[in-house]
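I have placed the structure first, in the form of structure tokens, so that the comments after it can refer back to it.
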Amino acid sequence: MNIKTRCNDIYEMLNKHYPDARCGLEFHNLYQLLVSTVLSAQATDKKVNEVTPVLFKTFPDFKSLSEADVASIEEIIKPLGFFHQKAKNLKSLSTEIQKKFNGIVPKKMESLITLSGVGRKTANIVLGTGYGIISGIVVDTHVKRLTRRFGLTRHEDAEKIETDLMQLLDKDRWIDWSHLLINHGRKVCNARKPDCTNCIIESLCMKIDI
DNA sequence: ATCCCGAGGG
DNA sequence: CCCTCTGGAT
């Protein structure tokens with residue numbers, strides 16, 4: 001079976017199994033989406049959702065966050081880890097958006113990745129989930145682990161993995177792929193002990209490094 | 001001891 | 001390319 005056919009079969013199976021796969025972060029506007037996505041680095045979305053209600057009530061927009069005391073941001077986001085950097089990035093990013101982008105979250109990849117604490121992964125989520133603009137594939141730790149195990153890429157570097165996946169997967173499914181892989185990665189194909197006997201796509205997986 | 005919807009600096 | 005930043009759950 002050629003690799004694109006295999007990708008298509010994997011997609012169909014996962015899509016049938018996780019019909020309601022979506023972004024796990026809770027947000028109500030672009031400000032909240034960008035902030036919670038930055039916070040989600042090396043943290044579970046569940047933990048992010050536990051601190052953001054207080055964070056957004058205390059700092060409801062970019063202006064208030066840009067004027068915030070870094071220590072007060074740190075106090076709220078501390079349970080997420082990397083809190084010194086994340087707090088500093090959130091304050092800087094809020095200032096940058098006001099001064100360079102008139103208070104509006106940019107719609108271009110080149111602009112987004114100039115913001116403090118924003119890389120391709122975060123930018124892809126904001127563009128796709130926030131604006132409906134598909135500019136790439138979200139490669140987080142789950143996407144990386146699963147696509148490597150499936151045998152869809154042999155790279156370790158997130159950008160190289162993204163390039164490989166962009167050749168293989170249909171563009172109109174890029175967002176869904178990320179959510180499906182994240183769901184499957186959490187429930188079955190987890191990092192420590194993948195549950196291959198209960199995996200619906202075991203026959204389609206190359207089981208690299210398992 | 002390992003992992004979580006990474007990014008930035010060297 | 002490598003390293004560091006970080007707390008909480010498992």
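Values below: every heavy atom of this structure, side chains too, minus hydrogens, waters and symmetry copies. First the proteins, then the strands, lettered A, B, ... as listed; each starts at 1. These figures come from a predicted structure and were not determined experimentally.
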Rounded to the nearest Å, what distance is computed from the NZ atom of residue A/K160 to the P atom of nucleotide C/dC2? 10 Å
Counting only heavy atoms not in A/E50, do more than 12 fall under 6.0 Å of its CD? yes
Where protein sits on nucleotides 1-10 of chain B, one letter per nucleotide: B base, S sugar-phosphate only, - none, heavy atoms under 4.0 Å: BBBBBBSS--
I'd like the P distance from B/dG10 over to C/dT6, given in whole Å. 15 Å
Heavy atoms of other groups near A/M206 CE, more than 12 under 6.0 Å: no
With A/D140, which residues qualify under salt bridge (charged side-chain N to carboxylate O under 4.0 Å, His left out), at least two apart? none
Integer angstrom distance from the C1' of C/dC3 to that of B/dC5: 22 Å
Is there side-chain contact between A/K4 and A/L168, with at least one heavy-atom pair below 4.5 Å? yes
Looking at A/F150, does the NZ or CZ of A/R6 lie under 6.0 angstrom from its six-membered ring centre and within 45 degrees of the ring axis? no
Below the 4.0 Å mark, does C/dT6 have OP1 or OP2 next to a side-chain nitrogen or oxygen of A/K88? no
Write down the distance between CD1 (A/I77) and P (C/dG8), rounded to a whole number of angstrom. 13 Å
Mind checking salt bridge (charged side-chain N to carboxylate O under 4.0 Å, His left out) for A/E67 and listing every partner two or more places apart, or none if nothing turns up? A/K63
Separation of atom NZ in A/K78 from atom C1' in C/dG7, rounded to whole Å: 9 Å
Roughly, in whole Å, what's the span from CD in A/E75 to P in C/dT6? 16 Å
Whole-Å distance between C/dC3 P and A/E156 CD? 13 Å
